[in-house]
Amino acid sequence: MAPQDYTRRSFQAAAALIAVLICVAFIPPQTICGIPLRRANILSDVLRFDDKEAADETLPELDDEFSGDFHRFAGQLDAGEAPLPADSIAAEPPAADTLSAAPQLAFEWTPADSEPPTEPPTGDTARLLTTLTPIEDFDTLADGPLYRFCARLADTARRTPVRIAVLGDSFIEGDILTADLREQLQLRYGGRGCGFAPMSSPLTGYRRTVGTRSAGWNSYNIMQRRTTPEALRGDYSVSGWLCRPADGATVRWTGNDFRRRLDRCGVARLLFISREPSRLELTLNDSLHRTFDIPASEALRQIVVRAPVASLALRVVRGGAGFTGYGVQFEDAAGVTVDNYSIRSNNGQALFGTNPSVNAQIDAFAEYDLVILQYGLNIMQEGVTNYSAYAARVEKMIAFVRSCFPEAAVLVLSTSDRSVKSDTGFAPMSSAPAMVDWQRRAARATGAAFWSVYDAMRAQGGMERFVANGWAGKDYTHINYAGGRQVAYALVDALDARVAAILRQRQQAALPEPVLDSSKIAALDETMNLRPQPIEPR
């Protein structure tokens, strides 16, 4: 029997599949179980639909994972209630029921004959880029939080750190942008160290500003809070990561030379909760060892190491079952510290899944001076121009941040420039300017500060040039370390411009009042054409 030819059937099946997909392309965008679905259009290069109205209606709602936290917090604000009870943000949290007195919150380790490195700031405010994208401060007070932050940078005689927390999404993941922001601010205003580094995370290999090797830890991300053990769900902080060790778990952090001033620092602060008695063993620079016996408590604790730190290792000897690990903040006794708290796929609403009391306890240790909010990239959709609902959420985010970090200035960063595929290649996403405007409105409505990443990137040629120069990925969405440097330089210039203005004010205030004699006054009048004219006789 001759073999049968199935070629015709293959063509028929392919034709039927294409016909079905073409029909699917004409189905308008739908929303199923609250999840917006985009049009499946295989002919997008030749066939376009006006989905603007539908897209406006299907702007992503709050994720169910955090909607309860968000609406509960928003309701408290709208009702005029304090979002946090006073005792929940006290510097000294309430003692656990098993303790008769307030727990010891901080443990110190200062090895003998150890002098932390001190390098004075240079105070250089020279511009890094040609075009200045200024910060817009909507605070009505002349000496508001942003002014106080910049004034602290200008005070080169200070002996305490100036701390910045950057809360964002995958745009800054791996310390992109923040690595260069940190380096340039530390070179100008002093400081060393990479800032916050988690104890364990699947993403630590992507971060090049600190080496992290861990074993024996289970790490949990707030974006998957449902899979987090119930006992840990209330422990999340703004970092978005939690770690639960087994007894014997280890982690070692090492400085490096990926950016300047990362190889060593003068202070390391280990953050954790130990609900059961635990024993922790620290190893400093692979040579010095110290064991800490930690009593049980519900409170956040810190172990502060004051010494030249090139590497630090932790071993949980026992008590892992009741241990919540956050990470270490590597910094100096003075100068600038920049903590990167990035959470992939987060549009900012994950903040409401964090514990405000834990955040406030972290602030009681760190005392942040500036909190930067970098969100919006995961919300934008091509053709959407009405982001009023998201702007309202941003206002609530700002209120939440202020409740946790009451002394810090809040700086809202706009979404970045982004391109989408068009008939001629890639073109700027049309909805980006609208998102920038709505984010600016949210900052203005709350009296926060605002800085446009979008404008800073467009001033350097936009996403098209970023991709052409190898500063961004081929998805025309995410910048890389090289692109992060360009954006960071623009932000440093904007901060420097405000610091320089404060320095000029101080210099002018220090000048003595000018004393002019009659000859100088006459010369000045002549210059200004103010010399009185003689009266002509009649």
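None of the values given here were measured: they were computed from a predicted structure.
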Nearest heavy-atom contact between Asp417 and Pro428 is OD1-CB, 4.5 Å

Identify the two heavy atoms, one from Asn346 and one from Asp169, that lie closest to each other, and give their separation to 0.1 Å.
-> O-CB, 3.2 Å

State whether the side chain of Asn285 and the backbone N or O of Pro308 hold a donor-acceptor pair below 3.5 Å, judged by distance alone.
-> yes

For the residue pair Tyr326 and Phe272, is the inter-centroid distance of their aromatic rings smaller than 6.0 Å?
-> no

Qualifying residue for side-chain contact (heavy atoms from CB on, under 4.5 Å) with Phe450, from Arg441, Glu136, Arg444 = Glu136

Electrostatic pair Arg458-Glu464, nearest N-O below 4.0 angstrom | yes

With a 4.0 Å cut-off, would you call Glu183 and Arg261 a salt bridge?
-> no

Residue pair Ile479 / Phe466: nearest heavy atoms and the distance that separates them = CG2-CD2, 4.0 Å

Side chain to side chain contact (heavy atoms under 4.5 Å, CB included) assessment of Ile164 paired with Val336 = CA-CA 8 Å; Ile164 303 172; Val336 177; 4.1 Å; yes

Look only at the side chain of Asp263 and the backbone of Asn256, and say whether a donor-acceptor pair between them is shorter than 3.5 Å.
-> no

Is it true that a side-chain atom of Arg163 and a backbone atom of Asp369 form a donor plus acceptor pair closer than 3.5 Å?
-> no

Say whether Asp496 and Tyr189, considering side chains only, have a donor N or O and an acceptor N or O under 3.5 Å apart.
-> yes

Arg192 side chain vs Arg264 backbone, donor-acceptor pair below 3.5 Å = yes

Considering non-hydrogen atoms only, spot the tightest contact between Ala472 and Met463 and give its length.
-> CB-SD, 3.6 Å

Heavy-atom closest pair, residues Ser416 and Ala432 | O-CB, 4.5 Å

To the nearest 0.5 Å, how far apart are OG in Ser170 and CD1 in Ile343?
-> 11.5 Å

Cation-aromatic face contact Arg208/Tyr481, 6.0 Å, 45 degrees = yes

Intermediate values then yes/no, side chain to side chain contact (heavy atoms under 4.5 Å, CB included), Tyr390 and Tyr375 | CA-CA 11 Å; Tyr390 183 66; Tyr375 297 115; 3.4 Å; yes

Distance-only, no hydrogens or angles: does the Arg504 side chain make a donor-acceptor pair with backbone N or O of Gln507 under 3.5 Å?
-> no

From Asp139 atom CG to Thr446 atom OG1, the distance as rounded to the nearest 0.5 Å = 9.5 Å

CZ of Phe171 to NE2 of His478, rounded to nearest 0.5 Å, is 8.5 Å

For Leu373 and Val410, what are the C-alpha separation, side-chain angles and deciding distance, and is it a side chain to side chain contact (heavy atoms under 4.5 Å, CB included)?
-> CA-CA 7 Å; Leu373 301 179; Val410 179; 4.1 Å; yes

Which atom pair, heavy atoms only, marks the closest approach of Gln439 to Gly376?
-> NE2-CA, 4.0 Å

Please check if any side-chain donor atom of Arg269 sits under 3.5 Å from a side-chain acceptor atom of Gln329, or the reverse.
-> yes

Has the side chain of Asn347 got a donor or acceptor atom that lies under 3.5 Å from a matching backbone atom of Gln349?
-> yes

Working to the nearest 0.5 Å, report the span between CG of Leu185 and CG of Leu153.
-> 7.0 Å

Could you walk me through whether Trp253 and Ser311 pass the side chain to side chain contact (heavy atoms under 4.5 Å, CB included) test, one step at a time?
-> CA-CA 6 Å; Trp253 300 273; Ser311 70; over 6 Å; no

Would you check if the distance from the ring center of Phe196 to the ring center of Tyr341 is below 6.0 Å?
-> yes

